[in-house]
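First comes the structure, then the notes that go with it.
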2 protein chains.
Amino acid sequence: MSTATVSAVVNETAFVSPELRARVTAAIAQLDYAPLSAARNLKRGRSQLIALVVSDLANPFFSRVVCAAEAAASAWGYALVVFNSDEKPENERRILTRIRTLSCDGILLVPVDAQLRGEFRDDEGRTVPLVQFGRTADRGRSDSVTIDNVAAGRQVTDYLLDLGHTLVGTITGPLHLTTGRGRLDGLRHAMAARGLAPLDAHIRSGEFREDVAYSVAREMIDAPTRPTALYAASGVMALGVMRVLADLGLRCPDDISIASTDTIPGIGALRPRLTRTEHPVTDMVNEGLRILNDRITQVRQDPARQDPARHVVFQPLLILGDSCRPLRVS
Amino acid sequence: MSTATVSAVVNETAFVSPELRARVTAAIAQLDYAPLSAARNLKRGRSQLIALVVSDLANPFFSRVVCAAEAAASAWGYALVVFNSDEKPENERRILTRIRTLSCDGILLVPVDAQLRGEFRDDEGRTVPLVQFGRTADRGRSDSVTIDNVAAGRQVTDYLLDLGHTLVGTITGPLHLTTGRGRLDGLRHAMAARGLAPLDAHIRSGEFREDVAYSVAREMIDAPTRPTALYAASGVMALGVMRVLADLGLRCPDDISIASTDTIPGIGALRPRLTRTEHPVTDMVNEGLRILNDRITQVRQDPARQDPARHVVFQPLLILGDSCRPLRVS
DNA sequence: CTGATCCAGCGAACCGTTTCGACGATGGAA
DNA sequence: TTCCATCGTCGAAACGGTTCGCTGGATCAG
């Protein structure tokens with residue numbers, strides 16, 4: 001029989017007589033045959049691969065993203081290729097080139113480079129669907145799935161202000177990132193709404209890393225005018241802050257109230273329970289892959305079609321723990 | 001000029017005159033050309049893809065593995081495809097089939113299925129290099145990189161016994177896994193060496209999950225004869241145990257000593273500092289990829305060659321925290 | 001000057017699958 | 001009976017690179 005018939009059987013793309021089909025499937029089983037995707041990709045122009053590029057794979061937050069993305073990709077029939085740009089624009093560029101040669105069908109990207117070009121085209125000039133995740137670098141050009149960072153900062157700050165705190169400090173991320181800048185803006189807005197403003201010394205930004213947060217928080221907490229409440233703008237930063245407290249012999253919430261944003265796995269075992277905003281990571285990732293899959297099928301059907309970019313913004317959810325307490329009047 | 005020349009330039013596989021080379025590189029830059037790996041793979045029979053199959057992607061321990069594997073794969077020139085078998089044999093089988101169609105060059109596998117067939121062959125009948133990571137399911141058949149689990153259990157237990165504890169309990173993993181069984185054996189050996197044995201009620205095994213450890217530990221700690229020291233056989237389990245203590249109002253190490261094995265990210269912020277054995281995850285993953293790369297190049301040079309399997313066993317390192325204290329004579 | 005040597009560049013086959021048009025057999029309608 | 005659809009199957013081109021062997025011009029020694 002011919003290879004065409006085998007292809008028809010494997011892909012169920014044409015009617016094949018029962019006996020011939022039986023012989024084909026028998027042969028497949030006997031030879032333990034599996035179609036080679038390289039050849040299939042070459043012909044079909046797709047790869048059934050989704051690329052996930054995160055900005056810091058060592059950050060447990062992104063571990064959750066990887067986990068959710070693997071599940072979602074698998075559910076949609078894709079395999080997930082994981083890359084780590086490590087917050088370096090040159091890595092990101094290198095990775096995007098690599099992705100192009102792999103001819104991945106779609107890209108879920110936590111952008112690092114502000115100069116990210118929105119249109120990412122493959123060799124045939126078709127655009128490869130790209131969804132920005134968590135942050136945006138080219139506002140509006142490509143699809144994005146993000147959290148409302150300003151709302152996260154505001155929710156947490158409002159809560160702290162409600163408790164009577166006025167000396168609220170924050171350790172936030174890099175200000176050129178929407179995640180770092182947004183959460184700080186949220187804090188400022190919330191304070192401004194009550195006629196307050198944070199002290200300059202109480203605003204610090206740095207990489208979203210535990211050790212960075214530790215050293216920065218230590219400085220701030222050691223300083224003469226210590227904030228009575230501290231907003232750590234990410235989960236790993238909160239860990240760093242808690243470690244500062246332990247090392248300085250301070251107690252939370254008795255000596256200082258702590259709140260954060262963006263949960264990481266294992267934080268549930270921390271005592272006191274951290275007051276924080278949670279991100280619906282799984283939902284966000286699912287939405288990202290849904291958009292990617294939409295775009296992929298759409299591009300395949302009508303390469304010329306150019307829909308406007310979709311921007312899905314999720315809302316953070318404030319979870320109350322016992323790491324904050326009302327300010328005692330001293 | 002011909003495509004052969006372009007190929008020669010791109011792959012640096014033959015000498016090309018400077019001016020022609022310049023024209024080629026100029027054209028590549030102008031057209032923004034990148035070779036399509038599907039076509040390249042089809043011809044070369046390789047994919048520059050390494051598959052990483054972990055047994056539980058939600059476990060922060062494996063997040064570290066993913067992170068290290070991405071870095072190592074990238075350094076060797078591979079891209080990393082991540083799969084999650086979720087401790088289910090049927091998933092593992094499905095994934096291995098998928099990997100074969102992707103014609104990955106090598107596989108780093110945390111095995112789930114005891115019936116794992118050691119020889120994993122691709123369509124041409126060549127064996128695809130496979131390294132078992134962390135656990136072994138087909139002892140001796142394929143290469144493996146593991147930790148000395150028995151030593152880990154013994155080190156921790158010896159330390160606890162040195163502190164005077166005799167009622168040592170453990171929450172360990174599934175006993176059909178070398179990780180769960182080995183750590184328990186280590187504990188038994190250490191106790192037997194001093195003429196001791198754990199109480200049956202103080203030996204519990206279950207999945208390597210925080211919630212499982214929580215409920216199991218809670219039962220054990222609530223029971224009349226509570227162990228004075230508890231060995232949690234994994235990082236996430238330790239978190240579950242610590243949460244039990246917090247919820248029961250017990251203090252560590254005053255009321256009970258806790259020690260564990262296999263560190264996870266963020267555990268450094270936990271107070272008290274956990275006494276534990278650390279796994280050299282990065283070194284282990286690097287070794288795994290080094291073996292894979294060796295095998296890959298070896299198979300390419302001489303498909304018939306059959307070297308004996310290599311088994312690299314790393315030693316755990318005991319890190320002393322302050323979660324254990326000498327048993328007070330009561 | 002001539003024949004051998006060398007080498008840059010090229011043509012074409014090939015990798016394994018999909019896809020489309022062709023083809024022969026079959027069956028129903030005129 | 002003849003003619004035309006219909007339908008199952010097949011042959012062959014195409015996908016985009018790599019690779020091998022060939023060619024033709026330059027170089028060099030005799």
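A quick note: this is a predicted structure, and the numbers were derived from the prediction, not measured. As a basis for the values below, the full set of heavy atoms in this structure was taken, side chains included, without hydrogen atoms, waters or symmetry mates. Letters A, B, ... mirror the listed sequences (proteins, then strands); counts begin at 1.
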Original post:
Base, sugar-phosphate, or nothing for A/Asn41, non-hydrogen atoms under 4.0 angstrom?
Top reply: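 Answer is nothing: A/Asn41 stays at 4.0 Å or more from every strand.
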
**OP:** Using a 4.0 Å heavy-atom cut-off, write out nucleotides 6-13 of chain D from 5' to 3' as B (base contacted by protein), S (sugar-phosphate only) or - (no contact).
**Re:** --SSBB--

**OP:** State which residues pass side-chain hydrogen bond (donor to acceptor under 3.5 Å, both in side chains) with A/Ser74; sequence neighbours excluded, sorted by chain then number.
**Re:**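 Result, side-chain hydrogen bond (donor to acceptor under 3.5 Å, both in side chains) vs A/Ser74: none returned.
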
Subject >> Under the side-chain hydrogen bond (donor to acceptor under 3.5 Å, both in side chains) test, residues paired with A/Asn286 that sit two or more places apart >> reply: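 Partners of A/Asn286 under the side-chain hydrogen bond (donor to acceptor under 3.5 Å, both in side chains) test: none.
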
**OP:** Compare the minimum distances between each of C/dT17, D/dG17, C/dT18 and the side chain of A/Ser7, then state the nucleotide with the smallest one.
**Re:**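 So the side chain of A/Ser7 is nearest to C/dT18.
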
Subject >> Nucleotide nearest B/Arg44 (side chain, heavy atoms from C-beta), chosen from C/dT18, C/dG16, D/dT18 >> reply: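 Nearest to the side-chain atoms of B/Arg44, counting from C-beta on, is D/dT18.
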
Original post:
Heavy atoms, side chains only, cut-off 4.5 Å: are B/Tyr78 and B/Leu80 in contact?
Top reply: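 No, side chains not in contact.
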
**OP:** Please examine the side chains of A/Phe133 and A/Val285, heavy atoms only from C-beta on, and report whether any two atoms are closer than 4.5 Å.
**Re:**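 In short, these two side chains touch, coming nearer than 4.5 Å.
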
Mind calculating the distance between [atom1] ([X]) and [atom2] ([N]) to the nearest angstrom?
| X | N | atom1 | atom2 | value |
| --- | --- | --- | --- | --- |
| A/Arg40 | C/dC15 | CZ | P | 19 Å |
| B/Glu12 | D/dT18 | CD | C1' | 15 Å |
| B/Leu42 | D/dT19 | CG | C1' | 13 Å |
| B/Tyr33 | D/dG16 | OH | P | 10 Å |
| A/Gln48 | C/dT17 | CD | P | 16 Å |
| B/Arg46 | C/dC15 | CZ | C1' | 14 Å |

Original post:
Is a salt bridge present between A/Glu287 and A/Arg290, judged by a nitrogen-to-oxygen distance below 4.0 Å?
Top reply: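 Yes.
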
**OP:** For the helix from C/dC1-D/dG30 to C/dA30-D/dT1, figure out the bend between the end axes, five pairs an end, and round to 10 degrees.
**Re:**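 Angle reported: 60°, given to the nearest ten degrees.
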
Subject >> Sequence-distant partners of B/Arg209, salt bridge (Lys or Arg N to Asp or Glu O under 4.0 Å), two or more places apart >> reply: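 Per chain and number, B/Arg209 pairs via salt bridge (Lys or Arg N to Asp or Glu O under 4.0 Å) with B/Glu207, B/Asp211.
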
**OP:** Among residues two or more places apart or on two chains, list those pairs meeting side chain to side chain donor-acceptor pair (under 3.5 Å) that have a residue in residues 16-27 of chain A.
**Re:**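 Checked against side chain to side chain donor-acceptor pair (under 3.5 Å) - neighbours excluded - the pairs reaching residues 16-27 of chain A are A/Ser17-A/Glu19.
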
Original post:
Closer to the 5' end of DNA chain D via nearest nucleotide, is it A/Ala39 or B/Ala8?
Top reply: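 Between the two, 5'-proximity favours A/Ala39.
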
Original post:
Between the side chains of B/Arg40 and A/Thr101, does any donor sit under 3.5 Å from an acceptor?
Top reply: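 Distance-only check fails for B/Arg40 and A/Thr101.
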
Original post:
Looking at CD1 of A/Ile95 and OG1 of A/Thr97, how far apart are the two atoms once the value is rounded to the nearest 0.5 Å?
Top reply: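 Between atom CD1 of A/Ile95 and atom OG1 of A/Thr97 there are 9.5 Å.
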
